[in-house]
Amino acid sequence: MKKFFLIIFANIFLFSAGIVFAQSTFLSDYNFQLDQYRKNYAEYTNFKKDYDDRPTLNNEQKALLSARQTIISRELAWANFYLVLSESISKPGVNYPLITEATTDLTGIANYHFTQANKATNIVTRADLTNFTKEELTVLATHRLSLTQAQTANKLAQLIKFQIDAKTAYDSLVPKLEAVKNDVVVKNGLDQVQTYSAQINAQIEALAKKTTDFDLDESNQSQFYENTSQSLREIRGLQNRLVTVIIDLDTNYVRH
């Protein structure tokens with residue numbers, strides 16, 4: 001006897017980016033739909049068990065209707081998750097090619113899932129359920145690359161915003177150091193700021209290029225995540241040094 005074929009909503013997949021989001025309408029909708037999905041999936045599991053135990057037409061219909069509702073809530077949760085991630089990437093207000101491309105891709109994927117939620121309302125037979133699921137599995141495979149790149153774009157958006165803010169602070173600080181600009185310690189500090197900034201910007205550009213050029217078919221995704229995490233740690237470490245020097249110059253050498 002054929003089994004019902006239903007994609008399980010993978011929470012570990014959704015939170016693999018390790019992102020903490022601020023409260024928003026998209027996040028509220030995502031949390032609501034995720035809760036709905038969990039409830040619907042629990043109900044579907046019970047109806048499916050009833051059908052497996054007693055494969056009557058009535059039990060089959062109940063399982064199908066429950067599967068349809070589960071799919072709808074799953075698609076809506078997926079759609080809102082992608083919008084939440086897109087919003088997180090956009091929030092720093094950074095204009096950067098990888099970031100722009102990521103938000104565009106995520107919006108497109110979100111719209112796909114909204115469309116799928118509407119399409120799922122037409123599932124009325126076992127064949128409808130099977131066809132819907134098989135088609136979606138094919139499309140979901142094409143979304144993996146965009147999600148991988150978007151996770152990195154989300155981190156880079158925050159790091160680039162940090163660089164912008166650090167430069168603003170530095171540009172404001174330099175005129176205040178005019179009276180002591182020939183002091184050896186001050187000159188060394190200003191040189192360090194320039195050096196760290198150049199190193200950080202170069203590493204950001206290198207990571208962005210690796211992310212843009214990443215090919216899931218030819219590369220190891222786990223290795224990419226590991227390498228990306230290492231690059232992000234190095235960039236953050238340099239940024240910590242950068243801000244420490246700026247604070248030190250402002251605290252100890254500006255004549256208030």
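Position 1 is the first residue of the sequence; numbering continues from there.
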* **Salt bridge present between Lys209 and Asp213 (N-O < 4.0 angstrom)** => yes
* To do: Apply side-chain contact (heavy atoms from CB on, under 4.5 Å) to Gln163 and Leu242, showing your working.
  => CA-CA 9 Å; Gln163 286 301 99; Leu242 172 65; 3.8 Å; yes
* State, with a plain yes or no, whether a side-chain heavy atom of Gln239 is found less than 4.5 Å away from one of Leu159. => yes
* Structure fact -> Distance col, row Ser231:OG vs Arg236:CZ, nearest 0.5 angstrom, shows 10.5 Å
* **Short side-chain to backbone donor-acceptor contact, Thr251 and Ile247, under 3.5 Å** => yes
* To do: Go through Asn188 and Gln192 one step at a time and tell me if the side chain to side chain donor-acceptor pair (under 3.5 Å) criterion holds.
  => CA-CA 6 Å; Asn188 286 339; Gln192 286 183 42; over 6 Å; no
* Asked: Got a second to check how far Asn220's CG is from Glu226's CD, nearest 0.5 Å?
  -> 9.0 Å
* Using atom types as modelled and distance alone, determine if a side-chain donor or acceptor of Ser66 lies under 3.5 Å from a backbone N or O of Lys62. => no
* Indicate, with yes or no, if Phe32 and Leu76 share a hydrophobic cluster defined by side-chain heavy-atom contacts under 4.5 Å among Ile, Leu, Val, Met, Phe, Trp and Tyr. => no
* Report whether Leu140 and Phe114 are members of the same hydrophobic cluster (ILVMFWY, side-chain heavy atoms less than 4.5 Å apart, transitive linking). => yes
* Asked: Out of curiosity, Gln221 CD to Thr228 OG1, how far, rounded to the nearest 0.5 Å?
  -> 10.0 Å
* Is there side-chain contact between Leu106 and Ile89, with at least one heavy-atom pair below 4.5 Å? -> yes
* **Any residue meeting side chain to side chain donor-acceptor pair (under 3.5 Å) with Glu135, in chain and number order, not counting sequence neighbours** => Lys119
* To do: With the side chain counted from C-beta on, respond yes when Ser229 and Arg233 share a heavy-atom pair under 4.5 Å apart, and no when they do not.
  => yes
* Asked: Donor-acceptor pair, Ser172 side chain versus Thr168 backbone, under 3.5 Å?
  -> no
* Report yes or no: do Asp29 and Gln33 form a side-chain donor-acceptor pair below 3.5 Å? => no
* Output the distance between atom CZ (Arg241) and atom OH (Tyr196), rounded to the nearest 0.5 Å. => 5.0 Å
* **Check ion pair Asp165-Lys161 (N to O, under 4.0 angstrom)** => yes
* Under a single-linkage definition using a 4.5 Å side-chain heavy-atom cutoff for Ile, Leu, Val, Met, Phe, Trp and Tyr, are Ile164 and Leu173 assigned to the same hydrophobic cluster? -> yes
* Asked: Considering only heavy atoms from C-beta outward, does the side chain of Thr115 approach that of Tyr112 to under 4.5 Å?
  -> no
* **From Asn154, Leu156, Ile160, residue fulfilling side chain to side chain contact (heavy atoms under 4.5 Å, CB included) relative to Gln158** => Asn154
* Closest non-hydrogen atom pair between Ala67 and Leu129, with its separation -> CB-CD2, 4.2 Å
* Can you name the side chain to side chain contact (heavy atoms under 4.5 Å, CB included) partners of Asn40, sequence neighbours left out? -> Gln36, Glu43, Gln69, Thr70, Ser73
* Can Leu232 be reached from Val94 by stepping across I, L, V, M, F, W or Y side chains whose heavy atoms are under 4.5 Å apart? -> yes
* Could you check if a side-chain atom of Ile109 sits within less than 4.5 angstrom of a side-chain atom of Trp78, using non-hydrogen atoms only? => no
* Say whether Glu234 and Gln230, considering side chains only, have a donor N or O and an acceptor N or O under 3.5 Å apart. => yes
* Asked: Quick check: does any side chain N or O of Asn201 sit under 3.5 Å from a backbone N or O of Ser197, one acting as donor and the other as acceptor?
  -> yes
* Measure the shortest side-chain to side-chain distance between Tyr96 and Ile204 over non-hydrogen atoms and say whether it is less than 4.5 angstrom. => yes
* **Interatomic distance, Arg68 atom CZ to Phe132 atom CZ [nearest 0.5 angstrom]** => 11.5 Å
* **Heavy-atom closest contact (Ala153 atom, Ala102 atom, distance)** => CB-CB, 3.7 Å
* Does some side-chain heavy atom of Thr138 sit less than 4.5 Å from a side-chain heavy atom of Lys134? -> no
* Asked: Quick one: do Val174 and Val245 end up in the same hydrophobic cluster if we chain Ile, Leu, Val, Met, Phe, Trp and Tyr together by side-chain heavy atoms under 4.5 Å apart?
  -> yes
* Using a distance-only test with no angle check, is there a side-chain donor-acceptor pair under 3.5 angstrom linking Gln194 and Tyr170? -> yes
* **Exam field: side chain Ser88 to backbone Val84, donor-acceptor pair closer than 3.5 Å** => no
* Check the pair Lys181, Lys187 against side-chain contact (heavy atoms from CB on, under 4.5 Å), reporting the backbone distance first and the verdict last. => CA-CA 6 Å; Lys181 65 180 182 180; Lys187 289 176 65 177; 5.9 Å; no
* **Worked check of side-chain contact (heavy atoms from CB on, under 4.5 Å) between Val254 and Leu249** => CA-CA 7 Å; Val254 172; Leu249 289 171; over 6 Å; no
* Can you name the closest pair of heavy atoms from Ala63 and Tyr51 and give their distance? -> CB-CB, 4.5 Å
* **Check: Thr211 main-chain N/O paired with Gln149 side-chain donor or acceptor under 3.5 Å** => yes
* Any side-chain heavy-atom pair from Ile123 and Asn131 closer than 4.5 angstrom? -> no
* To do: Please answer whether the main-chain N or O of Glu87 pairs with a side-chain N or O of Ser90 as donor and acceptor at a distance below 3.5 Å.
  => no
* Check: Ala127 main-chain N/O paired with Thr130 side-chain donor or acceptor under 3.5 Å -> no
* Ionic contact status for Glu205 with Lys210, cut-off 4.0 Å -> no
* Asked: What is the distance from atom OG1 of Thr56 to atom CD of Glu60, rounded to the nearest 0.5 Å?
  -> 8.5 Å
* **Val124 vs Leu64, side-chain contact (heavy atoms from CB on, under 4.5 Å): CA-CA, chis, key distance, verdict** => CA-CA 7 Å; Val124 293; Leu64 278 169; over 6 Å; no
* Can you check whether His113 and Phe81 have ring centres sitting under 6.0 Å from each other? -> no
* Pick from Arg54, Lys49, Lys48: which one makes a side chain to side chain donor-acceptor pair (under 3.5 Å) with Asp52? -> Lys48
* Shortest non-hydrogen contact from Phe214 to Thr148? -> CE2-CG2, 4.0 Å
* Evaluation steps, side chain to side chain donor-acceptor pair (under 3.5 Å), between Asn31 and Ser28 -> CA-CA 5 Å; Asn31 286 329; Ser28 305; over 6 Å; no
